[in-house]
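What follows is a structure written as structure tokens; I'll ask about it next.
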Amino acid sequence: MARTLITSALPYINGVKHLGNLAGSMLPADVYARFKRLSGDEVLLICATDEHGTPAELAAQTAGISVQAYCDEQHEIQRKAGEGFNLSFDWFGRSSSPQNAKLTQYFALKLEEAGLIEERTSKQVYSIDDGRFLPDRYVEGTCPHCEYEKARGDQCDSCGRLLDPVELKSPYSAVSGTTNLEVRETRHLFLLQSKKQDEIRNWVNASEDWPSLAKSIALKWLDEGLQDRAITRDLSWGVPVLNADGSARPGFENKVFYVWFDAPIEYIAATEEWAIANDDDWKRWWRTDEGADDVSYVQFMGKDNVAFHTVSFPVTILGSNEPWKTVDKLKAFNWVTWYGGKFSTSQKRGVFMDQALDLLPADYWRWYLISNSPEGSDAGFTWEGFQAAINSDLANVLGNFVNRITKYCVSKFDGEVPAAGEPGDAEAWMIDELQTRLPTLRRYYEQMEFRKAAAETRAIWAAGNEYLTKAEPWVKYKSDVDAAAIGVRTGLNLAALFGIIAQPIIPETAKTILDALGVPESNRSMNTGDMDDVAALLDALPHGLKVSAPPVLFSKIEDSQVELWTEQFGGGD
RNA sequence: GGUGGGGUAGCUCAGCUGGUUAGAGCGCAGGACUCAUAAUCCUGAGGUCGGGAGUUCAAGUCUCCCUCCCACUACCA
């Protein structure tokens with residue numbers, strides 16, 4: 001059995017994720033995982049909340065609770081949101097888990113043994129009133145180039161220039177507003193990425209199933225020269241820096257590993273968390289010397305994360321000099337935009353996962369976000385586009401098809417799959433369509449071309465409607481009931497097939513359809529072997545099987561709802 | 001500034017290594033049908049493929065210049 005390991009970029013703990021976050025990583029990872037499972041692979045889909053770092057500490061401080069309590073709360077919220085969207089994670093872990101702490105410390109020690117870690121002193125802005133070091137972007141002030149007054153220490157939002165926090169005029173803390181700042185020296189562990197430059201380049205060049213986008217980003221970093229980077233921070237919340245014997249590393253008692261060092265390691269640690277919970281073995285997924293050599297590992301992420309996955313994390317993995325599994329294929333996404341701008345938590349622009357589910361069931365959103373996946377470039381979300389896609393694709397093309405054929409069967413054939421009638425021209429046409437379209441659909445999924453997979457899925461549904469027009473059982477019924485029967489039987493089998501191919505994207509509705517048609521779990525696969533014989537697929541339901549018309553699968557989105565939501569969510573302004 | 005990705009029918013987008021009359025969905029117009037969620041099916045109108053120059057027998061598809069949008073640019077994650 002082929003084995004596929006899939007990871008989605010870890011959503012940051014700070015707040016409910018919006019539809020753009022969902023569409024850019026977690027959702028396509030889930031769709032792909034579902035497809036691979038239906039294709040007969042053994043799949044492990046891993047995700048987790050990324051819980052360390054300054055934003056989590058500050059958010060907890062604002063909320064007046066401990067960081068641990070804050071993360072506990074937020075993790076649960078995100079877990080529930082994912083569950084609400086039917087994200088089929090085999091494990092949704094936490095980067096604050098003991099497994100991740102241990103593994104992160106382990107990697108750091110291995111890297112040090114390999115001579116890739118060095119202590120260095122650097123300078124950083126310290127806020128005396130806040131009692132903490134400030135990351136560059138938490139220092140704000142007036143831009144020395146354009147005089148913009150709220151420029152961040154790393155970059156000015158107004159003129160776009162990269163800055164150093166010490167360049168800012170009248171700097172202040174973005175945390176508290178205090179101007180009581182000073183530059184202090186601080187010691188950190190640096191990962192000597194420059195030493196791995198050639199090895200990483202060879203590894204990148206050897207990669208095959210990477211999109212050009214990913215490769216070009218990786219090569220760009222390599223061309224500019226990998227810089228050694230600090231992998232520790234002056235924070236209290238995070239993975240402690242320890243010696244091999246478990247004692248605190250001298251001078252690092254108040255420091256932790258940098259969130260970007262431990263976050264990708266959580267992919268592995270989350271698998272360990274999964275293994276513990278399921279009494280399974282995690283190493284067979286991650287250690288090529290312990291069974292992971294035949295695993296195909298696929299990563300999903302937003303474009304902004306590509307460098308971390310193609311360069312930084314590989315330095316950690318390869319630098320350990322141990323046989324860890326590295327990524328085989330990766331898929332990067334652009335952003336979903338909101339009426340031309342960005343989704344923004346702080347400005348309350350856009351729709352967030354929990355809000356979305358209050359409006360409509362998950363399948364509506366899943367379909368829209370996958371069929372409009374931000375693959376080639378940013379994809380704009382608009383209520384009008386959403387309404388059009390749902391009403392046309394789901395309600396009219398798929399929902400109506402299932403409704404018309406099942407209702408007709410119930411009213412004219414006692415709700416039983418008819419046995420009579422021989423296939424004719426219309427059936428031959430349908431078989432021909434499916435013989436080209438089903439392999440095409442599978443190919444798009446294999447290639448992770450999600451927009452195209454959705455479009456092909458829809459095209460197959462639409463072909464079903466076209467088939468019914470050709471077969472016109474309601475006309476034939478008047479003169480030849482057997483001739484009508486073949487149309488109904490084929491139509492019912494098509495409905496079942498439509499449910500099967502709908503499973504990766506709209507799993508709940510697919511289940512409703514397949515349950516209504518009495519298709520057993522074991523016959524819902526999308527495996528090639530099971531989909532090759534199209535003629536058999538169109539006569540798969542046992543003759544005489546009792547079927548029922550499921551309730552209306554999708555209700556249409558009314559103009560009045562679009563108006564309401566536009567007002568409610570500030571779309572269009 | 002640098003790097004990368006985009007600018008193709010009213011809208012959202014396909015168009016691989018250059019090759020017959022540039023495609024799809026939505027929307028729009030007309031027609032058909034009546035089993036169905038006023039759904040479905042058919043037909044049609046609609047584009048000087050961001051602008052300019054060049055290479056070529058031939059360019060949306062290659063080269064150069066210009067222009068607009070977006071992302072990334074390594075101590076935010």
Please classify the nucleic acid contact of A/G225 as base, sugar-phosphate, or nothing, using heavy-atom distances under 4.0 Å. base
Just call it for A/L468: base, sugar-phosphate, or nothing, with non-hydrogen atoms closer than 4.0 Å on any strand. nothing
Think A/S392 has a side-chain N or O under 4.0 angstrom from the OP1 or OP2 of B/C26? yes
Under 6.0 Å from the six-membered ring centre of A/W429 and within 45° of its axis: does the NZ or CZ of A/K470 meet both? yes
Length of the NZ-C1' vector between A/K303 and B/A71, whole Å: 4 Å
So A/V259, base contact, sugar-phosphate only, or nothing? Heavy-atom distance under 4.0 Å. sugar-phosphate
Under a 4.0 Å threshold between the charged nitrogen and the carboxylate oxygen, would A/K331 count as salt-bridged to A/E375? yes
Would you call A/E140 and A/R152 a salt bridge, using N to O less than 4.0 angstrom? no
At under 4.0 Å between heavy atoms, what does A/E466 touch on the DNA or RNA strands: base, sugar-phosphate, or nothing? sugar-phosphate
By nearest-heavy-atom nucleotide on RNA chain B, the more 5' of A/K407 and A/F308 is A/K407
Between CH2 of A/W383 and C1' of B/C26 the distance, given in whole Å, is 19 Å
Could you check whether A/G399 gets within reach of a base, just the sugar-phosphate, or nothing at all, counting any heavy atom under 4.0 Å? base
Distance check: side-chain N/O of A/K452 vs OP1/OP2 of B/G15, anything under 4.0 Å? yes
Can you tell me, in whole Å, how much space there is between the C1' of B/G27 and that of B/G44? 14 Å
Quickly work out the A/E558 CD to B/A38 P distance and round it to whole Å. 11 Å
So is the aromatic ring of A/W474 stacked onto the base of B/C35, judging by whether the centres are under 5.5 Å apart and the planes are under 30° apart? yes
Any A/N334 side-chain N or O less than 4.0 Å from OP1/OP2 of B/C70: no
What's the CG-C1' distance between A/D559 and B/G27, to the nearest Å? 13 Å
Using atom P in both nucleotides, what's the gap between B/G50 and B/A22 to the nearest angstrom? 15 Å
Take atom P in B/C16 and the same atom in B/C57, then report the distance between them in whole Å. 23 Å
Heavy atoms only, 4.0 Å cut-off, all strands: where does A/S312 land among base, sugar-phosphate and nothing? nothing
What contact category does A/F554 fall into here, base, sugar-phosphate, or nothing, at under 4.0 angstrom with non-hydrogen atoms? base
Looking across every strand, which nucleic acid part, if any, lies under 4.0 Å from A/L10 by heavy atom: base, sugar-phosphate, or nothing? nothing
Less than 4.0 angstrom from a charged side-chain N to a carboxylate O is my criterion; do A/R201 and A/E199 meet it? no
In whole angstrom, give me the gap between the P atoms of B/A71 and B/A59. 35 Å
Could you measure between the two C1' atoms, the one in B/C65 and the one in B/G10, and give it in whole Å? 31 Å
Is a salt bridge present between A/D228 and A/R120, judged by a nitrogen-to-oxygen distance below 4.0 Å? yes
Among B/C76, B/A71, B/C41, which nucleotide sits nearest the side chain of A/W335? B/A71
Checking all strands, does A/A388 fall into the base, sugar-phosphate, or nothing category for heavy-atom contacts under 4.0 angstrom? sugar-phosphate
Using both distances under 3.5 Å as the test, list the Watson-Crick or G-U wobble partner of B/C33, or none. none
When you compare B/A74 with B/G2, how far apart are their C1' atoms, in angstrom units rounded to a whole number? 14 Å
Which base, if any, makes a Watson-Crick or G-U wobble pair with B/A53, both distances under 3.5 Å? B/U63
Complementary nucleotide for B/C28 - Watson-Crick or wobble, under 3.5 Å: B/G44
To the nearest Å, give me how far apart CG (A/N305) and P (B/A74) are. 14 Å
More than 12 non-hydrogen atoms from neighbouring residues, nucleotides or ligands closer than 6.0 Å to CG on A/N254, yes or no? no
Distance, P atom - from B/U8 to B/A45, rounded to whole angstrom: 22 Å
Test: A/R94 and A/E51 ion pair at under 4.0 Å: yes
Check the phosphate of B/A77 against A/Y258, side-chain N and O only, distance under 4.0 Å to OP1 or OP2. Yes or no? yes
Can a side chain N or O of A/R404 be found less than 4.0 Å away from OP1 or OP2 on B/U34? no
Between the base of B/A36 and the side chain of A/N400, is there a donor and acceptor pair under 3.5 angstrom? yes
What nucleic acid atoms does A/E384 come within less than 4.0 Å of, heavy atoms only: base, sugar-phosphate, or nothing? nothing
N/O (side chain, A/R458) to phosphate O (OP1/OP2, B/G25) under 4.0 Å: no
Give A/D154 one of three labels, base, sugar-phosphate or nothing, depending on what nucleic acid heavy atoms sit under 4.0 Å from its own. sugar-phosphate
Is there, by distance only and without an angle test, a donor paired with an acceptor across the side chain of A/W260 and the base of B/A77 below 3.5 Å? yes
Partner of A/W367 under ring-ring contact (aromatic ring centres under 6.0 Å, His included), picked from A/W461, A/F450, A/F386, A/F554, is A/W461
If you measure from the P atom in B/G4 to the same atom in B/C66, how many Å do you get, rounded? 15 Å
Should B/C72 form a Watson-Crick or G-U wobble pair with both distances under 3.5 Å, which nucleotide is its partner? B/G2
So, is A/K556 near the phosphate of B/A39, with a side-chain N or O under 4.0 Å from OP1 or OP2? yes
Expected label for B/G46 (glycosidic angle, syn inside 90° of 0, else anti) would be syn
Of the candidates B/A74, B/G25, B/C13, the side chain of A/A379 sits closest to B/C13
What nucleic acid atoms does A/N372 come within less than 4.0 Å of, heavy atoms only: base, sugar-phosphate, or nothing? sugar-phosphate
Which residue lies more 5' along RNA chain B, comparing A/S411 with A/A462 via nearest heavy atoms: A/S411
Heavy atoms only, 4.0 Å cut-off, all strands: where does A/W221 land among base, sugar-phosphate and nothing? base
